[in-house]
Every structure is written in structure tokens, then in C-alpha cells.
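These notes are about the structure you will find just below.
Keep in mind that the numbers below use all heavy atoms, side chains included, and drop hydrogens, waters and symmetry copies.
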Amino acid sequence: MKLRNIRVALAVVFFTLITWLLLDFTGTAHHWLGWMARIQFLPAVLALNVVVVVLLVLLTLLFGRIYCSVICPLGVMQDIISWLRRKKSRFSYSPALTWLRLPLVALLAVSMAAGMGSIVALLAPYSTYGRIVANLLQPVYLWVNNGLAAIAEHYGSYAFYSREVWLRSLPTFVIAVATFGVIAVLAWRNGRTWCNTVCPVGTVLGYLSKFAWLKIRFRADHCKHCGQCASHCKASCIDFKNHTVDYTRCVTCGDCLDTCKFGALSYCAGSPNPPKGGLDDSKKQPGTLPSKGDGGIPEKGAGLDRRAFLVGGAIVAAEAALAQAGKKVDGGLAAIEDKAVAVRTTPLTPPGSASARHFAQHCTACQLCVTHCPNDVLRPSGILLTLMQPTMSYERGYCRPECTRCSKVCPTGAIHPIDTAQKSSTQIGHAVWVKANCVILRDRVSCGNCARHCPAGAIMMVQLDPSDDTSPLVPAVDRAKCIGCGACEYLCPARPHTAIYVEGHEVHKEI
Amino acid sequence: MSNKTYTRRNFLKVLGLAGATAATPAIVSCAGGDKPATAATGTDQEPPIGKMTYRTNPKTGDRVSLLGYGMMRLPTLDAGGGSAREEHDAEIDQEMVNRQVDYAIEHGVNYFDTSPAYCRGRSEHATGIALARHKREEFFIATKLSNFSPDTWSHEAGVEMFRNSLRELQVDYVDYLLLHAIGGGDDAMDEFNQRYIDNGILDYLIQQRDAGIIKNLGFSYHGDVAIFDHALKMHDSGKVKWDFVQIELNYLDWRFADEVNDSNTDAEYLYGELVRRDIPAVVMEPLLGGRLASLPEPLAAKLLARDPGHSVASWAFRYAGSFPNVLTVLSGMTYMEHLKENLNTYSPLLSLTDEEMKFLEGVAAEYVSYNIIPCTACQYCMPCPYGIDIPAVFGHYNKCLSEGCVPRSKEQADYQRARRAFLVGYDRSVPRLRQADHCIGCGHCEPHCPQRIRIPREMERISRYVDALKAGNAEGLVDPHLRTED
């Protein structure tokens with residue numbers, strides 16, 4: 001009882017805050033809660049964050065898989081879905097699917113080593129949750145925010161500003177919907193099936209928790225074989241007939257402790273048959289009264305309700321087209337055609353990611369940087385091998401020199417923290433001029449917007465024909481100076497295909 | 001320097017004139033009602049009926065209401081309730097146009113000014129519908145030959161444009177017809193000749209006047225003063241007799257038009273030239289597209305402190321109305337509130353005293369120091385072929401200047417607040433793809449601007465400023481107006 005309440009309270013706090021961290025595009029949440037992403041197991045491993053990994057291992061060796069019940073948002077999400085179902089006693093013991101669990105751990109390890117980010121992203125629990133939030137919940141969050149912004153605007157307040165809601169990547173959206181669907185159905189029916197058969201982190205921590213100091217232990221003499229504990233165990237890990245608990249799957253949720261009316265189960269250290277009463281290890285009073293007011297889980301926890309499902313994809317607001325021939329009457333706005341996403345031989349990875357390989361090997365595609373990118377540059381990649389890992393494109397904005405947000409929020413070290421000075425001297429790609437699209441030649445106007453806005457001063461306007469003084473001035477890129485920020489591509493007036501675009505570099509270099 | 005003193009003396013001289021002549025209607029109205037004059041013109045109350053100040057057209061004897069209704073900023077059905085100027089796609093709210101026109105006529109307004117170009121070409125039609133519901137003798141209609149596009153420069157196209165105006169307006173004669181905005185274009189003289197002289201359109205219009213289809217022929221002028229002088233020379237030589245001329249006149253343009261933009265001409269000169277020839281002046285932009293209705297806070301406070309009962313805008317209307325040679329003052333009244341406010345100001349006009357004139361002169365001088373971009377949101381520059389919303393960009397920048405949200409230093413006390421207000425407000429006022437940074441500087445807009453704003457240059461400096469503000473780059477924050485001045 002005591003244990004369960006503490007677990008529920010902590011889980012709700014963690015879950016709410018980490019969800020907010022993933023949603024909040026303003027950076028406020030990250031300022032206070034950035035550490036919550038960093039203490040996730042897989043990101044900490046990838047970031048070689050020894051301190052966190054050691055602490056998590058110790059935590060598990062002390063208390064069992066409490067990580068899965070409290071810190072992992074995907075785990076808590078499943079608990080919430082499972083809890084939403086009225087029938088709490090629907091579970092039963094089933095043997096572990098070890099044949100599936102161990103190969104999946106191996107698959108994750110191999111994928112990580114080989115830089116197959118898409119497989120890592122599919123298996124990693126925190127990333128799976130991040131993807132669900134980024135694709136299903138953030139649009140709702142943004143719409144609410146935009147509503148508030150409209151109200152604020154009405155009252156002349158600048159407290160909220162609106163953000164465009166758009167579909168960053170269809171494949172990722174579909175995968176997010178599918179994973180949420182599968183996990184939700186599994187959780188609705190059988191509780192923690194995902195955690196105990198698929199999740200490699202769950203498996204690793206599970207084998208560690210075999211050696212945990214504190215565990216759920218049976219006192220066979222008290223057991224009346226009523227089976228209540230097993231029917232309430234969402235991990236399906238209590239074999240009450242044999243008085244054993246499969247510790248690789250137990251997530252130390254404490255539900256069974258509450259249901260056992262005979263004191264046959266306790267969470268304690270040492271032998272299964274200690275003195276009397278419940279050595280409800282957490283020292284304090286051996287909980288005698290069974291679950292008092294069990295309104296334990298605040299409504300808040302249900303934030304991600306089933307309705308999130310129904311929320312469709314982000315809609316790119318189509319510019320209101322207005323056919324306007326020559327200038328005959330005043331006013332009106334010329335239609336702006338949407339820009340096509342440039343086809344890049346080498347995809348762009350954000351400054352700080354060092355190289356495409358480093359990035360692919362370290363990124364778990366949690367989408368934290370994507371939801372945070374204030375310039376709408378980052379979006380999940382559509383390339384199979386790095387599917388869902390962020391990549392960059394410049395139709396909606398460019399990688400502004402003052403912004404290093406993605407490098408600050410990345411929990412895995414896929415994007416190393418950098419400062420603005422380092423950023424402005426890191427070459428992630430270089431601009432390429434596409435003569436055929438340039439409005440200077442196509443529309444015969446003077447332009448030079450790319451050169452005017454290049455923060456690196458890498459674009460200059462040169463005579464198209466050096467031997468002819470009257471030939472138009474066209475942009476020329478000094479590749480040595482170009483850092484690949486994309487200001488030129490974003491501000492190029494040629495649509496839908498821009499006349500200048502950035503080609504990525506596989507290895508970033510300092511200039 | 002000597003030039004300055006001259007202007008100043010001249011200014012005061014005309015002031016004296018204005019004060020003397022305008023005194024008459026004011027006294028008459030005071031005798032009519034027993035309420036004190038200030039209470040009768042308070043801008044917040046229901047406007048009185050039958051108190052409108054009228055001016056007489058010396059040629060026709062028309063009694064024209066001092067308040068003229070400009071049909072350039074008609075109300076729309078857009079939920080936000082903007083005018084047809086800002087809400088590019090929204091449908092015109094005909095019902096509201098009708099109501100406001102009825103209300104205006106009921107309160108003595110009888111001059112309605114439109115053009116085939118206004119509201120993306122929909123203004124004449126809407127004006128026609130509203131006015132057709134009244135007796136033809138009850139109103140004067142002014143429209144224009146708005147042949148801006150080179151493909152309307154032929155004789156046939158000009159004739160067709162005029163005939164179409166008659167159809168749209170549902171009338172068989174036009175009271176006031178204007179050559180629309182002469183003085184614009186890269187080569188203003190060439191454009192003037194091409195639009196009106198070489199194609200014989202001016203001769204055609206003179207014929208129409210002789211035939212009684214046009215009662216008064218005039219022109220509206222912006223831009224190159226050589227064209228203004230040229231047109232008046234034509235008048236002097238008897239080539240064409242102008243019955244009226246429409247100019248921009250307000251307390252900023254009176255003496256500071258050229259300080260805001262050195263290629264503009266002070267209204268003092270324009271007005272003086274018309275007075276010399278006894279040509280009545282129709283005033284446009286009395287509020288400079290609303291800029292004189294929303295002054296920078298310290299200036300607005302000054303006006304309101306002096307007279308809390310009267311709106312900031314009412315000062316500008318009283319100013320324009322105080323010149324005796326002004327036939328009517330046009331105001332594009334989108335909302336009923338505007339209409340009521342202006343009716344109050346002119347029912348009857350309370351002319352400014354010499355002292356008040358000087359006070360406004362001081363306000364104007366101070367206003368100039370804000371470096372506000374002289375855009376009146378007339379939309380003549382639009383549509384920009386690359387999609388920039390030019391008036392919205394300038395509007396936001398000016399608004400921020402007025403509200404003190406254009407921080408010039410990171411050290412200033414309210415830097416964070418001002419920065420946020422500027423940047424968040426910018427995205428609210430102008431969609432990102434229509435902001436200044438997308439201006440490529442092609443210059444298509446520039447010849448169309450009646451205020452002769454160097455639009456691409458201003459776009460570039462705003463873009464630079466915004467960039468500096470976003471990046472928190474202190475150097476970029478210093479007044480860009482001063483930096484790019486050449």
C-alpha cells in the first residue's frame with residue numbers, strides 16, 4: 001500500500017514533467033527538466049554518461065525495476081492505459097518469452113553498433129514515447145497554445161505566440177500511430193506485455209533485478225492460493241501456485257502487495273520467511289490497513305487519453321491562392337507557392353553532431369530536438385536506415401546562428417553541446433547555386449537575397465559573364481566560408497524549387 | 001536656412017488667413033446652439049444632425065460637406081473586422097457600407113470619393129449600390145481614371161474605364177473626376193504623358209465635361225513636384241482648366257513632407273499654389289493612413305492632456321479643415337466609430353486657433369524625430385510579385401516605434417519586453433513568408449508608392465534590424481535608419 005502510493009505519486013510527477021519537456025517548444029521546461037531526458041537508460045548509455053548508468057544500475061540492484069515503473073514514460077503510459085480499464089483483476093501468470101527477449105537485446109546492440117538508427121528508434125522505450133508525444137500530442141498542444149495566443153493577441157498580450165502545426169514526416173507519423181496503437185492494445189489487454197517481451201531496456205534491467213536487494217517475496221505459509229495477486233499483476237510475473245515471482249519481469253509496482261489480504265507477499269530484503277507481519281521494508285509502519293482512499297492516481301495522469309488517437313496529422317495551411325495578373329488594381333497578395341523539399345545527396349545533420357555516422361550511432365530518435373527546433377528546420381528523416389532520426393531542411397526557416405537548442409536538449413550526445421561561436425565556425429554543408437532556377441535569369445530581376453542574408457559572408461554577387469559589364473550579377477558561393485546554415489535556401493525567392501540549396505557533409509568540419 | 005525662415009513665415013501667414021475665414025462658420029454655429037462649442041464637438045457623443053460645415057465650390061456653387069467619405073477602406077465581412085485594405089481576400093460588407101453611407105448622408109455628408117482601383121477594384125461597385133438608394137441630387141460623386149497599368153494606357157482602355165465607372169456607380173454623370181495620382185512612376189513626366197496626353201484621354205475627359213457628363217475635372221497628385229507644376233502650367237496657359245485638385249495635407253506634410261522623404265513636397269507649397277489660382281483643394285490623407293490617429297505615446301498624451309474630450313485624430317481633421325480653400329477633407333471611414341467621430345469634429349468645424357496651429361507644428365516636429373516610415377497603407381504598391389505584405393511590414397514597424405518597442409540597446413531597461421513585443425507581434429502581423437527578409441529588392445513596388453518610400457531599402461533595414469533583434473546582436477540594434485542613410 002505504502003509502496004504503491006509512493007510509486008504512483010512519483011510516476012505521475014515524472015510522467016507529467018517529461019511529457020511537458022517533450023511538448024514545450026519554448027525551452028522553459030528544458031531549463032528545469034532537461035535532466036529528465038538524460039537519466040533515461042538508453043540515452044545515458046549512448047551518451048556514455050557513466051554516472052547515470054551506474055546510478056540506474058545501483059537503483060535496480062537495490063529496488064528492482066523501479067525505473068520501469070517511475071522513470072520510463074512509456075512504462076507509465078502503459079500503466080495509465082491499463083488503469084483506465086475498469087477490470088483490474090484480469091491478469092494471469094504466463095511464462096516469460098525469453099526466446100524473444102534476448103534476441104531483441106542482441107538486435108538493439110547490433111543496430112546501435114552498426115548505426116542502424118531506425119531499428120534502435122523502434123526498440124528504445126523513451127524514444128518510442130517521444131515519438132508518440134511529438135506526433136500525436138504536440139499538435140494538440142500547439143493548437144491549444146495557438147488558441148491561447150489568439151486570446152493573448154486579442155488582449156494585446158505577448159505571453160503566448162503561435163506556432164505552425166505541420167506534418168514533419170508522414171512515415172514517422174504513421175509509425176507513431178502504429179506503435180501507440182499496438183502498445184495501447186497490449187496494455188489494455190495484458191498490462192506490461194511490451195515491457196516484458198519487447199523492450200530491451202526492460203530485459204536488461206530485468207536480469208539485473210534478479211539480484212536486487214529488495215524484492216517482492218512470498219511467504220508460502222501465509223498464502224491461501226486465492227490467486228488475487230496474480231490476477232492483479234500487470235507484469236504477469238507471479239506464479240502463486242509455486243510461490244515464485246519472475247523478477248526479470250516484475251516492475252515493483254506494488255499492486256500485488258495491496259491485493260494480498262493474508263500478508264503472504266512483502267517487499268523486503270533477505271529470506272522469504274522473516275518474522276511476522278509485513279516487513280514492509282521501507283522501514284515505516286508495516287502497513288496493516290489495506291489501501292485506504294485509493295484515489296491514488298490523479299486525473300492528470302490520464303492526460304494522454306484515447307482521444308489523442310483521433311487527432312489527425314498536422315495540416316500544412318495552404319496559402320490562400322489569389323490569382324493576380326498584372327498590377328491593375330490596388331492591394332491583394334500574390335500567392336506564395338510552397339517550397340519543395342530539396343533533394344540532398346548527403347542529408348544534413350545538425351551542428352554538434354560531428355558526422356553522419358556519429359549521429360546515426362547515437363541518436364535514438366526521441367524527437368526532443370525536433371519538437372524544440374524554433375525554426376522548423378529539424379524533422380524526422382525519411383531514409384530507411386536513419387528513419388525517424390532528425391534531419392534538416394530549410395523550407396520553413398533556417399538554422400539561425402544564435403540558436404543551439406538541439407545541441408542543448410539532446411540527451412544521448414548524438415548532438416554534442418556547442419555554443420554559438422562553435423556553431424558559426426562549423427561547416428555542416430555547403431550551398432549550391434542552381435542556375436536554371438535563379439530568378440535573376442528566369443524573371444530578369446535583380447535579387448541577391450541569398451548574398452544579402454548570408455551570415456557567413458560566403459555568397460558574393462559576380463558578373464554572370466566576366467567579360468561583359470552589362471551581364472547580370474549572380475550569386476557565387478565561397479565553399480570555404482559557407483557553413484550550411486540554409487539562410488540562402490530559405491530566403492531564395494524561387495519556388496517551388498529554390499535556386500540555391502545546401503548539400504550536406506558527411507563529416508562536419510571546423511572552419 | 002533662409003528657406004526655412006521663409007517657410008515658417010509663410011506658414012504663419014496662411015494660418016492667419018485660415019483663422020480669419022474659418023471664424024465665420026464657427027460663430028454662426030455658436031449662435032445656433034446654446035451649448036458651448038467644445039461640448040458640441042466632443043468626439044465621443046452622438047453626432048448632431050444639421051450642423052455640418054459646408055464649403056462652396058466657386059465654379060458650380062456646390063455646397064460640399066467638409067467631411068468627404070473616402071471609399072478606399074471599406075468594411076469587410078472578415079471576422080476580424082478589418083477594412084478591405086488589410087483583409088485582402090475578404091468580401092466587402094455591403095450591408096455595413098449601406099448603413100454607414102445612409103448615416104453619413106443623414107448627417108450632412110454629400111461627397112463620396114472612390115476609384116476603379118480601390119479595394120481590388122470592388123469599391124465603385126459597392127459605392128454605386130449604396131448611393132443608388134439615395135436621390136442623385138443628395139450626393140456628389142468623385143471617381144478617378146486609375147489607368148496605372150501600361151495596358152490601360154490606350155485611348156480605348158481609358159474610355160472604357162470611365163464608362164465602366166458610370167456603370168458601376170449607376171450614374172449618368174460624375175460630379176468630380178480625377179486623373180489618378182499623377183507624379184508617380186520612374187519617369188513621372190513620361191508616364192503622365194503616356195497616361196493622359198499622348199493617347200488623347202485628357203481631351204476626351206474635357207469633352208465629357210463640356211457635355212456635362214463630368215461636372216468638375218481635376219487631378220490627384222503624389223510624388224514628383226515637376227508634374228504638379230506642369231499640370232498647373234497647363235492651367236495657367238489655358239490648355240486645361242482644373243476645377244479642383246486633390247493633395248495630401250496634414251500637419252506633418254505641411255512642412256515636414258520633405259524631411260520624411262526628400263523627394264516629397266511640403267503641402268504648404270502645394271496648397272499655396274492652388275490658393276494663388278483659386279483652385280479649391282480636396283484633401284486626402286488628413287490622417288496619413290491613420291498614423292496621425294495613433295501617435296507615439298508621448299505625443300498622443302500631449303494632445304489628450306490638452307483636450308481630453310477630443311480624440312487624437314480630431315486634431316488632424318480640425319487642422320485640415322481649418323484651411324479655407326479646402327473644399328472637403330476625405331476620410332476612409334471603415335467603422336461607424338470613425339464616421340461618428342469625424343462627424344462630431346465637423347458638425348460644425350471648430351477652426352484651430354493660431355496658438356493651436358503652432359502647438360500642432362511642434363507635435364509634427366517631434367513626430368519627425370521618430371523616423372516613422374511614411375506608409376499610409378494605401379496598397380498602391382501591392383501586390384508584391386514575391387508575396388511580401390509591404391504595408392503590413394511597415395505598419396508593424398511603425399506601430400512598434402510608436403509604442404516604444406524598437407529597442408536600440410540591450411542595456412535599456414525594458415529590452416526583453418520590447419524585444420518580445422516586436423518579434424511576437426511581427427509574426428502576428430505578417431506571415432513569415434511575407435516578411436521583410438523575403439524582399440529580393442526587385443523594385444517593382446517603388447514607382448507605385450505615392451509617398452515615394454524607397455521600399456526595398458526600408459525592407460532591407462527592417463530585415464537587418466529583425467535579424468539583430470533575433471540574434472541579440474547589439475551592433476545591429478542601433479538605429480538602422482541612420483546607418484543606411486547615404
Rounded to the nearest 0.5 angstrom, the NE2-OH distance for B:His438 and A:Tyr490 is 4.0 Å
Chain B contact via A:Thr420 - side chain, backbone, both or neither, heavy atoms under 4.5 Å: neither
Which atoms of B:Ser115 are under 4.5 Å from chain A, going by heavy atoms: the side chain, the backbone, both sets, or neither? neither
Checking B:Cys442 against chain A: side chain, backbone, both or neither under 4.5 Å from a heavy atom? both
Please round to the nearest 0.5 Å and tell me the distance separating atom CD1 of B:Ile440 and atom CZ of A:Arg452. 8.0 Å
Heavy atoms only: give me the nearest A:Ala334-B:Cys384 pair and the separation to one decimal. CB-O, 3.2 Å
Does any donor atom in the side chain of A:Asp443 or B:Tyr386 lie under 3.5 Å from an acceptor atom in the other side chain? yes
Verify, without hydrogens or angle tests, whether B:Arg420 (side chain) and A:Ala159 (backbone) share a donor-acceptor contact under 3.5 angstrom. yes
Between CZ on residue B:Arg120 and CG on residue A:Leu333, distance to nearest 0.5 Å: 8.5 Å
Just so I understand: if I count every heavy-atom pair under 4.5 Å between each of A:Glu153, A:His453, A:Arg495, A:His154 and chain B, which residue has the most? A:Glu153
B:Asp427 versus chain A, the contacting section by heavy-atom distance below 4.5 Å: neither
Which pair of non-hydrogen atoms, one from A:Ser446 and one from B:Gly441, has the smallest distance, and what is that distance? OG-O, 3.6 Å
Heavy-atom cut-off 4.5 Å, strictly under: side chain, backbone, both or neither for A:Ser162 against chain B? neither
Quick one: pull up CZ in A:Arg396 and CZ in B:Arg432 and give me the separation to the nearest 0.5 Å. 11.0 Å
Salt-bridge test for B:Asp467 and A:Arg400: reply yes if a basic N is under 4.0 Å from a carboxylate O, no otherwise. yes
More than 12 foreign heavy atoms under 6.0 Å from NE2 of B:His125: is that the case here? no
Contact leader toward chain A among B:Cys439, B:Ser463, B:Pro456, where contacts are heavy-atom pairs under 4.5 Å: B:Cys439
Minimal non-hydrogen separation, B:Arg428 against A:Ala152, with atom names: NH2-CB, 4.0 Å
